[in-house]
**Q** 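After the structure tokens below, expect a handful of questions from me.
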Amino acid sequence: MATPAVVLLVLFLIVPVVLAFVLSFTNARLVSPNPPRFVGLDNFIRAFTQDPVFTRSALNTAIFAAVVVPVQAGFALFLAILVNQKIRGVVAFRVIFFIPVVTSIVVVSILWKFMYQDDGLINNAIDTLTFGAWSGTAWLQNPSTALGAIIVLSIWQAVGFHMLIWLSGLQTIPEELYEAARMDGAGTWQQFGAIVNEASGHG
């Protein structure tokens with residue numbers, strides 16, 4: 001049953017990655033009629049020492065990962081705790097938080113592009129809240145704000161998936177553990193730290 005998925009994974013992920021790695025040691029040009037020639041580490045040396053665009057891209061990627069991974073995980077845990085409560089309408093909130101995950105990235109990109117425009121929703125909201133003292137900026141066109149804008153978009157789009165993973169873990173914790181902790185006088189933070197730690201196998 002896993003064969004179709006494995007075949008697609010090999011053809012469209014593993015094979016392209018391997019080919020890209022092999023071609024990185026050659027002077028291959030997609031539009032060149034000449035056959036590729038092995039050049040060793042020349043491409044890597046030139047990229048790291050002579051190409052400021054590449055080094056800036058690598059730095060931006062590192063900043064993106066360093067911010068998105070912990071913030072997304074922490075925010076997802078916060079949302080998972082909220083939607084793990086036994087309150088009316090909690091299922092609706094779970095669906096709302098998860099909708100961005102199943103929304104096409106094309107639709108998400110177009111939506112946020114409109115929001116980030118000079119006359120978009122974000123700048124209009126800033127203008128209203130500051131009573132015209134600050135009118136915002138062209139978020140995606142401004143080099144000082146473009147990376148932050150993409151980070152916010154990425155966190156919003158995928159946080160629901162991580163929330164679901166956290167939620168599935170939280171719901172495996174028996175209610176008896178919480179009841180025993182409350183009887184022992186444990187506070188909310190003590191319950192969260194001790195019980196979640198115990199349930200995850202680190203207690």
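Heads up: numbering here begins at 1 and tracks the sequence. Every value quoted in this text rests on a predicted model; they were computed, and no experiment measured them.
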**Q** Do you know which two heavy atoms are closest between H162 and A76, and how far apart they sit?
**A** CB-CB, 3.5 Å
**Q** Is it true that atom CZ of F64 has more than 12 heavy atoms of other residues, nucleotides or ligands lying nearer than 6.0 Å?
**A** yes
**Q** Just by distance, do the side chain of Y116 and the backbone of A149 share a donor-acceptor pair under 3.5 Å?
**A** yes
**Q** Using a cut-off of 6.0 Å, state whether more than 12 heavy atoms not belonging to F44 lie near its atom CZ.
**A** yes
**Q** Between P70 and V67, which heavy-atom pair has the shortest distance, and what is it?
**A** CD-O, 3.4 Å
**Q** Whether the side chain of S154 engages the backbone of I151 through a donor-acceptor N/O pair (distance < 3.5 Å, no angle test) should be reported.
**A** no
**Q** On a heavy-atom basis, which atom in V90 and which in Q85 lie closest, and how many Å separate them?
**A** CG2-O, 3.6 Å
**Q** Quick one, D118 and W139 - any side-chain contact, counting heavy atoms below 4.5 Å?
**A** no
**Q** Where is the tightest heavy-atom contact between N27 and P35, given as atom of each residue plus distance?
**A** OD1-O, 4.3 Å
**Q** The criterion is side-chain hydrogen bond (donor to acceptor under 3.5 Å, both in side chains); which residues satisfy it with S144, sequence neighbours excluded?
**A** N142
**Q** Which residues satisfy the side-chain contact (heavy atoms from CB on, under 4.5 Å) test with L19, sequence neighbours excluded?
**A** V15
**Q** Could you list who else is in V39's hydrophobic cluster, with ILVMFWY side chains joined at under 4.5 Å, directly or through other members?
**A** none
**Q** F97 versus V159: any side-chain heavy-atom pair under 4.5 Å?
**A** no
**Q** Evaluate whether atom CZ of F25 has more than 12 neighbouring non-hydrogen atoms of other residues, nucleotides or ligands under 6.0 angstrom away.
**A** yes
**Q** How about I150 and W112: do any of their side-chain heavy atoms sit closer than 4.5 Å?
**A** no
**Q** If you look at every heavy atom in F98 and G160, which pair is closest and at what distance?
**A** CD1-O, 3.6 Å
**Q** When hydrophobic residues are tied together by side-chain contacts of less than 4.5 Å, even through go-betweens, does I81 share a cluster with F161?
**A** no
**Q** Does the side chain of F93 come within less than 4.5 Å of L82's, by heavy atoms?
**A** no
**Q** For V106, which residues count as a side-chain contact (heavy atoms from CB on, under 4.5 Å) partner, sequence neighbours excluded?
**A** S104, I110
**Q** Does F54 sit in a hydrophobic cluster with other residues, and if so which ones, taking ILVMFWY side chains as linked at heavy-atom separations under 4.5 Å, directly or through other members?
**A** F48
**Q** Within the 4.5 Å heavy-atom criterion, are S168 and T172 side-chain neighbours or not?
**A** no
**Q** Looking at every heavy atom in both V83 and M163, which two are closest together, and how far apart are they?
**A** CG2-SD, 4.1 Å
**Q** To the nearest 0.5 Å, what is the distance between CE (M115) and CG (N124)?
**A** 11.0 Å
**Q** Is there a path of hydrophobic side-chain contacts, each under 4.5 Å between heavy atoms, that joins I14 and L23?
**A** no
**Q** Transitively linked via ILVMFWY side-chain contacts under 4.5 Å: V102 with V108?
**A** no
**Q** Please confirm whether the backbone N or O of T26 pairs with a side-chain atom of N43, one donor and one acceptor, at under 3.5 Å?
**A** yes
**Q** Quick one: do V18 and V6 end up in the same hydrophobic cluster if we chain Ile, Leu, Val, Met, Phe, Trp and Tyr together by side-chain heavy atoms under 4.5 Å apart?
**A** yes
**Q** Can you list, by chain and residue number, the hydrophobic cluster partners of V17 when the side-chain cut-off is 4.5 Å?
**A** L9, L13
**Q** State, with a plain yes or no, whether a side-chain heavy atom of Q171 is found less than 4.5 Å away from one of N84.
**A** yes
**Q** Would a 4.5 Å heavy-atom cut-off, applied to side chains only, mark N123 and Q117 as touching?
**A** no
**Q** Indicate, with yes or no, if I122 and W134 share a hydrophobic cluster defined by side-chain heavy-atom contacts under 4.5 Å among Ile, Leu, Val, Met, Phe, Trp and Tyr.
**A** yes
